[in-house]
Engineer: 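If you scroll down you'll find the structure; I have some questions about it.
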Amino acid sequence: MDLLQYLPRVDAARSAIVDRGIEVQASFSTVCAVEYMKSQNIAPHIIQRVLLQPEQRRQAVQVMHKN
């Protein structure tokens, strides 16, 4: 995978939406999280990655904190 896919978001508002979507998934369901993120205009490939492959997102955060 390309490291550029794991760079942190520079847009704080969109980052907060994605974080909220992850919270919605944990509290309710993946379907609810998808609908929330879609309603906030998050790109489908981002929604899929953060909700269905959370291990990739967590690794990215760890890598960035090591540098």
Engineer: Checking E35 now: which residues fulfil side chain to side chain donor-acceptor pair (under 3.5 Å) with it, not counting sequence neighbours?
Structural biologist: none
Engineer: Can you see which heavy atom on A33 is nearest to which on G21, and at what distance?
Structural biologist: CB-O, 3.2 Å
Engineer: List in chain and number order the residues that pass side chain to side chain donor-acceptor pair (under 3.5 Å) with T30, two or more places apart in sequence or in another chain; answer none if no residue qualifies.
Structural biologist: Q25
Engineer: Show me the side-chain donor-acceptor pairs of residues 36-44 shorter than 3.5 Å, one per line, residues at least two apart or across chains.
Structural biologist:
residue: S39; atom: OG; partner: Y36; partner atom: O; Å: 2.6

Engineer: Which ILVMFWY residues are connected to V31, directly or by a chain of links, through side-chain heavy atoms under 4.5 Å apart?
Structural biologist: none
Engineer: In Å and rounded to the nearest 0.5 Å, what is the CG to OG distance from L51 to S29?
Structural biologist: 10.0 Å
Engineer: Quick one: do V24 and I17 end up in the same hydrophobic cluster if we chain Ile, Leu, Val, Met, Phe, Trp and Tyr together by side-chain heavy atoms under 4.5 Å apart?
Structural biologist: no
